[in-house]
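Only one structure is covered here, and it is reproduced in the block below.
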Amino acid sequence: MAPAAASGGSSLPSGFSVFTTFPDLLFILEFVFGGLVWILVASSRVPMPLVQGWVMFVSVFCFVATTVLLILYMIGAHGGESSWITLDAAYHCVAAMFYLSASVLEALATIEMQEGYTYKYYHENISAVVFSYVATLLYVVHAVFSLIRWKSS
């Protein structure tokens, strides 16, 4: 099958065409911002360890799953099968929901730590919240365009 068109065709790209098609180009940004969330949450302190555990789980899970999916697309493991289009749409919907929940909880934890924590840790958590919401937005946009591709396949 031919690579997906820039407007969101009905097939998945293979090889380096992953970097030239939309929404698959978003893999790179999801990778970068997800990694930033992971690093910032790992280096910060939060008053609720359970919240930090969930945010870490989401950021690590999505970072690893996005990396694996990107590599599988690049080597053409999907072979043009339509079930991969369904997998892509399902993964990005789940990742968007996970990141939204993690972003809200990280924001709550940051609000809770406004008093009694050092300036550095508070600002690390603010950065983590901002990057987490950016990652959420990226996953939502990718999910929407993946669902459009799924519907047209």
Side-chain angles (χ1 to χ4, degrees), residues 3-9 12-75 77-78 84-114 117-151 153:
S7 63
L12 294 172
S14 295
F16 288 108
S17 64
V18 171
F19 301 116
T20 61
T21 58
F22 192 81
D24 305 304
L25 185 61
L26 294 176
F27 275 124
I28 303 303
L29 295 173
E30 293 164 358
F31 181 79
V32 169
F33 284 101
L36 286 170
V37 172
W38 180 6
I39 291 166
L40 287 167
V41 172
S43 68
S44 68
R45 295 186 185 168
V46 293
M48 298 175 276
L50 188 60
V51 169
Q52 186 175 19
W54 175 247
V55 176
M56 282 297 293
F57 168 76
V58 169
S59 62
V60 171
F61 170 77
C62 290
F63 185 86
V64 170
T66 299
T67 304
V68 168
L69 205 54
L70 177 63
I71 290 169
L72 289 173
Y73 283 5
M74 288 183 65
I75 64 173
H78 54 78
W84 281 78
I85 296 172
T86 306
L87 173 73
D88 182 61
Y91 165 67
H92 283 95
C93 287
V94 168
M97 287 188 298
F98 275 14
Y99 251 110
L100 180 60
S101 68
S103 298
V104 169
L105 289 174
E106 183 66 19
L108 175 67
T110 302
I111 290 168
E112 293 278 328
M113 73 180 297
Q114 192 170 3
Y117 281 83
T118 63
Y119 191 72
K120 175 188 174 215
Y121 293 127
Y122 181 62
H123 282 150
E124 280 181 356
N125 276 315
I126 290 173
S127 299
V129 169
V130 170
F131 289 135
S132 184
Y133 276 111
V134 170
T136 301
L137 179 64
L138 290 168
Y139 278 106
V140 166
V141 169
H142 200 150
V144 167
F145 282 95
S146 292
L147 287 169
I148 291 169
R149 177 169 41 202
W150 172 71
K151 185 163 170 78
S153 68

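Atoms considered below: every heavy atom in the structure, side chains included; atoms not considered: hydrogens, waters and symmetry mates.
No close placement of the H92 and Y99 rings is indicated, their centers lying 6.0 Å or farther apart.
A distance of 10.5 Å separates CD of E124 from OG1 of T110, quoted to the nearest 0.5 Å. For the atom pair T86 OG1 and W150 CH2, the distance stands at 6.5 Å (nearest 0.5 Å). Taken to the nearest 0.5 Å, the CG atom of N125 stands 12.0 Å off from the CD atom of E112. Atom CD1 of residue I85 and atom CG of residue L147 lie 12.0 Å apart, to the nearest 0.5 angstrom. Of the inter-residue distances, the one linking Y122 atom OH with I111 atom CD1 reads 7.5 Å to the nearest 0.5 angstrom. In this structure, S43 OG and W38 CH2 are separated by 13.0 Å, a value rounded to the nearest 0.5 Å.
Here V64 pairs with V60, V68 under the side-chain contact (heavy atoms from CB on, under 4.5 Å) rule; sequence neighbours left out. With sequence neighbours excluded, the residues satisfying side chain to side chain donor-acceptor pair (under 3.5 Å) with S146 are D88. Scored by the side-chain contact (heavy atoms from CB on, under 4.5 Å) test, L26 finds F22, P23, L29, E30, L138, V141, H142 as partners (sequence neighbours excluded). By the side chain to side chain donor-acceptor pair (under 3.5 Å) test, T66 pairs with Y91, Y139, sequence neighbours left out. Residues meeting the side chain to side chain donor-acceptor pair (under 3.5 Å) test with T67, sequence neighbours left out: none. The side chain to side chain donor-acceptor pair (under 3.5 Å) search around Y133 returns none, not counting sequence neighbours.
A donor-acceptor pair is defined here as one N or O able to donate and one able to accept, closer than 3.5 Å; such a pair exists between the side chain of S103 and the backbone of S132.
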For F131 and V32: C-alpha separation, side-chain torsions, deciding distance, then whether side chain to side chain contact (heavy atoms under 4.5 Å, CB included) applies.
CA-CA 10 Å; F131 289 135; V32 169; over 6 Å; no
Stepwise side chain to side chain contact (heavy atoms under 4.5 Å, CB included) check, W54 with L50:
CA-CA 6 Å; W54 175 247; L50 188 60; over 6 Å; no
Pair F31-I28, side chain to side chain contact (heavy atoms under 4.5 Å, CB included): steps then yes or no:
CA-CA 5 Å; F31 181 79; I28 303 303; 5.6 Å; no
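Between A128 and L40, the closest heavy-atom pair is N-CD1, 3.7 Å. Contact detail for A109 and V51: the closest heavy-atom pair is CB-CG1, 4.0 Å. Between T136 and A96, the closest heavy-atom pair is CG2-O, 4.2 Å.
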